[in-house]
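In what follows, a single structure is set out as structure tokens and then discussed.
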Amino acid sequence: MKPLRPLRALEWVGERDGFLRIVDQTRLPQEIRYLQLDNVEAVREAIVQMRLRGAPAIGVAAAFGVVLGMRQARYQTAADALAHLERIVNLLRGSRPTAVNLHHALERMYRVGRAIITAADFRPLVNDLVPRLLAEAKAIWDEDRLMCRTLAAHGAALIQNGMGILTHCNTGALAASDYGTALGVLFTAHEQGRRFTVYACETRPLWQGARLTTLELKLRGLECVLLCDNAAGWFMRQGKIQLVLVGADRIAANGDTANKVGTYSLAALARVHGIPFYVAAPSTTFDLSTPDGSAIPIEQRSAQEVTQPFGLTMAPEGIRVENPAFDVTPADWITGIITERGLVQPVNPSTITACLGLTCRSEKSIP
Ligand code: MRU
């Protein structure tokens with residue numbers, strides 16, 4: 001397999017009759033297989049099965065899922081249309097619980113759809129519904145691209161020649177639109193001419209670090225070393241790591257940050273070794289309606305992912321397994337959060353609101 005250009009998690013192809021094209025990430029790195037999703041059920045399945053994953057990418061895909069769902073639906077009255085919209089939004093909302101970008105995107109799509117449906121003169125507006133939803137989904141996609149590029153430019157200043165930078169899971173173009181978050185910071189620093197080594201944790205049980213991050217780094221020509229998750233501390237101890245840089249799935253109002261399971265342990269290790277620990281995330285990853293990390297819902301995934309990764313039996317049958325997909329790093333262990341609106345440092349409720357304003361408070365209008 002020899003891909004010639006960096007991969008993209010998703011792309012809307014065509015216009016009103018178009019479809020969502022994604023790379024099936026469960027097949028990477030062995031095979032680059034594109035899927036054409038033309039109905040909401042297929043979008044939900046792709047998110048649940050993690051054919052498409054990463055907080056920002058899930059939000060963008062779900063927005064297009066609403067377009068597809070409303071395009072499929074048949075309705076005669078405003079009440080019917082609204083009921084369809086609510087059903088579709090709720091179908092997608094249940095796909096993955098932790099990444100808040102999904103909820104923000106669905107909230108936005110729901111408001112646009114509801115405003116059209118409940119307008120006094122529904123009949124003439126109804127033909128406009130799918131194009132207007134499509135325009136909103138494209139706006140969410142465009143904004144995500146811009147947020148990634150902007151936060152990457154802010155964060156790149158932290159990267160110096162000769163550094164060893166440890167990262168976890170996958171936060172690149174496969175996890176967001178265009179460039180990604182934490183990996184976007186590294187891509188930008190590399191484009192600016194700085195040279196450093198990225199240590200990528202393999203990220204069990206689904207191996208996003210080994211399968212996806214190293215692939216993205218390789219395609220863009222960055223120097224990369226793959227580590228078993230449990231080797232991270234030892235590399236810190238040997239002085240090989242000068243910075244830890246990760247993404248986020250949901251950041252609470254006080255700065256507590258949910259990210260891929262294992263992030264908490266890396267933050268604890270960074271603390272012990274006096275290594276700066278940064279999070280890179282767009283403002284759509286903040287959830288100011290969640291006061292702290294204890295209120296963040298943590299997705300629990302199947303035992304089979306651990307006992308039979310990729311179909312290989314690795315544990316005796318019937319063994320009890322716990323498989324949380326995420327953990328929460330306390331705000332005061334985080335040196336700074338890189339956003340498209342600037343750097344939040346130190347991390348606390350007032351620096352967060354000063355940087356972001358109150359615009360990321362999720363007002364929940366979906367019934
Ligand atoms: O379960 P995943 O693969 O969706 O988890 C992804 C992560 O934890 C990423 O670090 C996070 O979504 C940030 S992506 C820019």
Side-chain angles (χ1 to χ4, degrees), residues 9-10 12 20 40 43-44 47 52-70 85-86 88-115 132-151 171 175-178 180-181 247-259 279-293 295-299 326 328 337-341 344 352-353 355-367:
L10 57 87
W12 180 262
L20 184 65
V40 63
V43 174
R44 182 186 148 88
I47 296 173
L52 174 131
R53 29 66 50 205
I58 294 171
V60 176
F64 286 114
V66 174
V67 177
L68 293 169
M70 288 312 281
L85 180 65
E86 283 165 11
I88 287 160
V89 163
N90 282 316
L91 183 75
L92 291 162
R93 191 160 60 156
S95 57
R96 293 196 73 191
T98 303
V100 79
N101 312 57
L102 173 77
H103 300 264
H104 289 321
L106 289 174
E107 186 68 41
R108 222 170 123 172
M109 295 300 286
Y110 178 72
R111 280 173 197 222
V112 168
R114 186 184 58 180
R132 291 267 291 276
L133 288 171
L134 180 57
E136 192 66 12
K138 284 184 173 176
I140 292 171
W141 184 29
D142 284 344
E143 286 165 30
D144 190 52
R145 276 196 290 241
L146 185 63
M147 283 186 286
C148 289
R149 287 277 169 171
T150 315
L151 83 81
T171 59
S177 311
D178 186 35
T181 59
D249 287 83
R250 188 183 300 223
I251 304 175
N254 74 338
D256 288 353
T257 295
N259 190 48
V279 171
S283 52
T284 47
T285 304
F286 285 78
D287 177 8
L288 302 188
S289 67
T290 296
D292 61 50
I296 298 178
I298 299 294
E299 176 182 6
F326 302 97
V328 178
I337 305 179
I338 306 157
T339 80
E340 81 280 8
R341 301 191 197 171
V344 177
I352 289 173
T353 37
C355 182
L356 302 183
L358 292 174
T359 50
C360 306
R361 185 180 296 283
S362 27
E363 284 157 35
K364 296 178 176 99
S365 61
I366 305 168

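Considering every non-hydrogen atom in both V89 and L106, the closest pair reads O-CD1, 3.7 Å. Closest of all the heavy-atom pairs between R44 and G94 is NH1-C, 3.5 Å. Between I47 and S95, the closest heavy-atom pair is CG2-OG, 3.5 Å. The nearest pair of heavy atoms linking A248 to V279 is CB-CG1, 3.8 Å. When all heavy atoms of R93 and L102 are compared, the pair lying nearest together is O-CD2, 3.8 Å. Pairing each heavy atom of A55 with each of A99, the nearest pair is CB-CB, 3.7 Å.
Between the CG atom in L92 and the NE2 atom in H103 there is a gap of 11.0 Å [rounded to 0.5 Å]. Taking CG from L134 and CE from M109, the interatomic distance works out to 8.0 Å, rounded to the nearest 0.5 Å. To the nearest 0.5 angstrom, T284 atom OG1 is 7.0 Å from E340 atom CD. Separating the OG1 atom in T181 from the CG atom in D144 is a distance of 9.5 Å, to the nearest 0.5 Å. To the nearest 0.5 Å, the span separating CG on L356 from CZ on F286 amounts to 4.5 Å. Taken to the nearest 0.5 Å, the CD1 atom of I251 stands 4.0 Å off from the CD1 atom of I337.
T257 contributes a side-chain N or O that, together with a main-chain N or O of G255, makes up a donor-acceptor pair within less than 3.5 Å. Checked by atom type and distance alone, the side chain of R341 never pairs as donor or acceptor with a backbone atom of C355 at under 3.5 Å.
Ring geometry, W12 versus F64: the interplanar angle falls under 30°, so the pair is classed parallel (tilted spans 30 to 60°).
Residues I296 and D249 are not in side-chain contact: their nearest non-hydrogen atoms beyond the backbone lie 4.5 Å or more apart.
Between E107 and R111, at least one side-chain N (NZ, or NE/NH1/NH2) sits under 4.0 Å from a carboxylate O, which counts as a salt bridge.
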